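Written out below as structure tokens is the structure these notes cover.
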Amino acid sequence: MDAQTAGSLKLLKNLSIFTETYGCTYNAGDTEKLMEIARSQGCVPALSADQADAVLINTCVVIGRTEQHMYERLDCYAEKLLFVTGCLPPVAKEVLETRYPHIHIIDPDHIHACYMEVATAHSGTNGVLQIARGCNGHCTYCITRLARGKLVSFPAEDILRQAESIIKAGASEIQLTAQDTSSWGMDRNDGQRLPDLLRALCKLPGHFMIRIGMANPDTLLPLLDDFLEALQDPKIFLFLHIPVQSGSDPVLRLMGRRYTSAQYEEICTRAREAFPDIRISTDYIAGFSGETDEDAAASVEQIRRTKPGKVNITRFSVRQNTPAAKMKKIPEQIKKQRSRELTTAANSVYDANNAEMIGRILKAVVTEVVKLGSVTARDRTYQNIVVMQDIPIGTEIRVKITGHRRHYLIGELI
């Protein structure tokens with residue numbers, strides 16, 4: 001561990017700490033680990049920055065607008081005892097130290113090792129379980145790869161130990177996360193891969209479900225048969241997050257993505273052959289440099305053809321020090337229009353998918369209280385189902401789907 005991070009962690013002692021976390025589920029996991037380290041040193045969480053002795057900001061830099069927002073949030077707390085971690089310090093350390101001379105930086109690469117000395121978990125219904133950090137991809141646009149570095153798979157014994165803590169703390173949902181979950185084990189020599197880890201996790205005692213985080217098509221495809229076999233276990237949600245980014249092969253090559261649009265669609269097809277109800281989520285980048293009107297149309301048609309249950313759409317944002325920063329840019333108004341076209345296609349798919357669900361009876365588990373008198377439940381495909389009743393979190397229920405609001409289903413308790 002570097003001296004700066006060691007010094008920062010030592011300061012997390014006997015303080016009340018307010019946290020803000022931005023970006024992905026992985027960052028949320030880092031915040032949880034840091035708070036467990038802090039609790040072991042006598043710290044307690046604070047409900048607001050005003051009530052806190054210190055503020056911890058876990059940052060994201062995935063797009064330019066997000067990075068700018070990070071500086072705005074840090075400005076708000078510049079007079080506090082301020083800790084910062086996440087993806088901003090690795091890519092902008094000098095800027096941070098110049099702009100905030102009294103800031104305390106925690107290198108995210110060291111959080112897991114420090115946490116494993118504590119390995120406790122705070123009580124909650126959802127627990128984030130990090131299985132690796134970094135990525136072996138070559139995406140030309142990605143600054144996260146620069147921030148997180150090469151793939152480092154955490155040992156299975158560490159992961160299982162953490163999972164046991166999460167389960168004992170009361171989690172009914174375990175969220176597996178990494179920059180690319182299907183690459184777990186690729187950097188190790190023990191022959192274990194993601195399906196082996198899933199089987200080991202499912203053998204743990206307890207009443208819980210596993211949600212698998214983002215898996216890139218190029219690392220998932222070689223182990224797809226074994227992966228789908230592992231999904232037979234009823235403890236795993238039938239939900240896949242497979243980011244395709246574009247429906248055009250020329251654009252995928254410009255992006256440095258190492259698969260074709262047909263290979264992505266092959267994964268969707270084979271997954272649905274194994275599990276007809278499986279819910280697939282994906283990502284698209286609108287207006288990537290070099291994208292033509294025909295390329296953009298290919299992405300729209302792919303959405304309509306593959307019918308994903310969820311689509312995350314991002315307008316391309318140039319990140320400094322990435323290969324894509326040297327490519328010819330597309331005007332913002334064109335990127336905005338292409339984003340709208342992707343959104344329109346996705347919305348039409350959502351409406352059609354949801355209409356087919358009306359009248360079906362599903363088993364689900366209550367996961368959160370929406371507001372007084374209503375709850376959200378999840379079925380095995382990780383659908384959001386709103387039920388207008390007071391039901392304790394963790395309760396298993398049967399519901400009849402009576403309607404939808406595009407982004408969630410409406411159910412009645414049976």
Side-chain angles (χ1 to χ4, degrees), residues 1-39 41-115 122 128 130 133-134 141-149 177 179 314-322 325:
M1 184 191 307
D2 66 274
Q4 185 178 44
T5 296
S8 296
L9 291 175
K10 286 182 180 179
L11 290 174
L12 291 174
K13 189 172 183 179
N14 300 325
L15 300 171
S16 58
I17 305 172
F18 177 70
T19 65
E20 288 186 8
T21 303
Y22 298 90
C24 59
T25 303
Y26 194 94
N27 269 12
D30 271 350
T31 299
E32 289 182 7
K33 287 179 175 179
L34 282 172
M35 285 305 296
E36 289 307 302
I37 293 169
R39 284 188 179 94
Q41 298 177 167
C43 295
V44 295
L47 296 177
S48 70
D50 291 339
Q51 300 173 4
D53 299 318
V55 174
L56 168 68
I57 307 292
N58 196 333
T59 58
C60 174
V61 297
V62 65
I63 60 175
R65 185 171 65 252
T66 302
E67 181 174 347
Q68 181 56 41
H69 184 57
M70 296 300 94
Y71 290 115
E72 292 169 0
R73 298 310 298 158
L74 292 170
D75 286 344
C76 290
Y77 305 124
E79 301 304 316
K80 302 282 290 188
L81 178 59
L82 182 59
F83 297 82
V84 61
T85 189
C87 289
L88 186 58
V91 300
K93 185 176 180 181
E94 291 184 4
V95 175
L96 284 171
E97 291 178 336
T98 300
R99 188 163 172 171
Y100 312 100
H102 303 296
I103 203 168
H104 300 284
I105 292 175
I106 300 172
D107 187 332
D109 284 356
H110 300 300
I111 293 174
H112 176 75
C114 295
Y115 166 77
H122 188 58
V128 177
Q130 299 169 328
R133 72 167 186 269
Y141 55 85
C142 184
I143 196 170
T144 304
R145 182 170 63 92
L146 301 179
R148 292 291 182 173
T177 185
Q179 276 71 60
T314 305
R315 277 183 258 168
F316 176 59
S317 174
V318 177
R319 309 306 288 120
Q320 290 182 354
N321 301 318
T322 63

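The basis for the numbers below is simple: all heavy atoms, side chains too, and nothing from hydrogens, waters or symmetry mates. Computed from a prediction, not measured in an experiment: that's the story for all the values here. Residues take their numbers from the sequence shown, with the count starting at 1.
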Which salt bridge (Lys or Arg N to Asp or Glu O under 4.0 Å) pairs, counting each pair once, include a residue from residues 84-103, with sequence neighbours left out?
Asp75-Arg99

Do the side chains of Pro45 and Thr19 get nearer than 4.5 Å, heavy atoms only?
no

Can you list everything that forms a side chain to side chain contact (heavy atoms under 4.5 Å, CB included) with Ser317? Sequence neighbours excluded, please.
Ile63, Arg319

Looking only at non-hydrogen atoms, find the nearest pair between Cys87 and Val61 and report the distance.
CB-CG2, 3.7 Å

For the backbone of Arg133 and the side chain of Gln179, can you confirm whether one donor and one acceptor N or O come within less than 3.5 Å of each other?
no

Can you list every salt bridge (Lys or Arg N to Asp or Glu O under 4.0 Å) pair that touches residues 21-35, not counting sequence neighbours?
Asp30-Arg148

Measure the shortest side-chain to side-chain distance between Leu34 and Thr85 over non-hydrogen atoms and say whether it is less than 4.5 angstrom.
yes

Check the surroundings of atom CD in Glu79: do more than 12 heavy atoms from other residues, nucleotides or ligands lie under 6.0 Å from it?
no

With rounding to the nearest 0.5 Å, note down the distance linking OH in Tyr26 to OG1 in Thr144.
12.0 Å

Side chain Thr31, main chain Thr21, donor-acceptor under 3.5 Å
no

Do Thr59 and Tyr22 come close enough that some side-chain heavy atom pair is under 4.5 Å?
no

Side chain Asn14, main chain Cys43, donor-acceptor under 3.5 Å:
no

With a 4.5 Å cut-off on side-chain heavy atoms, are Phe83 and Ile106 touching?
yes

Counterpart residues, side chain to side chain contact (heavy atoms under 4.5 Å, CB included), relative to Lys80 (two or more places apart):
Val55, Tyr77

Supply the atom-to-atom distance Thr322 OG1 to Tyr141 OH, rounded to the nearest 0.5 angstrom.
10.5 Å

Decide yes or no for Phe18 and Leu47: does some side-chain heavy atom of the first lie under 4.5 Å from some side-chain heavy atom of the second?
no

State whether the side chain of Ser8 and the backbone N or O of Ile105 hold a donor-acceptor pair below 3.5 Å, judged by distance alone.
yes

Kindly state each residue pair satisfying salt bridge (Lys or Arg N to Asp or Glu O under 4.0 Å) with at least one member in residues 2-20, sequence neighbours excluded.
Glu20-Arg73

Roughly how far, to the nearest 0.5 Å, is OG1 of Thr66 from CD of Gln68?
10.5 Å

Side-chain heavy atoms of Ile143 within contact of Val62, under 4.5 Å
no

Working note: Ile17 + Met35, criterion side chain to side chain contact (heavy atoms under 4.5 Å, CB included); need CA distance, chi angles, decisive distance, verdict.
CA-CA 8 Å; Ile17 305 172; Met35 285 305 296; 4.3 Å; yes

Side chain to side chain contact (heavy atoms under 4.5 Å, CB included) against Val44, all qualifying residues, sequence neighbours excluded
Ser16

Within a strict 4.5 Å, meaning less than it, do heavy atoms of the Leu96 and Pro89 side chains meet?
yes

Answer yes or no: is there a donor N or O on one side and an acceptor on the other, between the side chain of Thr5 and the main chain of Asp107, under 3.5 Å?
yes

Looking at Leu12, is its backbone amide N or carbonyl O close enough to the side chain of Gln41 to form a donor-acceptor pair, meaning the two atoms are under 3.5 Å apart?
yes

Passes side chain to side chain contact (heavy atoms under 4.5 Å, CB included), Leu81 versus His102? Steps please.
CA-CA 8 Å; Leu81 178 59; His102 303 296; over 6 Å; no

With side chain to side chain contact (heavy atoms under 4.5 Å, CB included) as the test, would you mind laying out the steps for Gln4 and His104 before giving the verdict?
CA-CA 8 Å; Gln4 185 178 44; His104 300 284; over 6 Å; no

Do the non-hydrogen side-chain atoms of Leu74 and Tyr100 ever get within less than 4.5 Å of each other?
yes

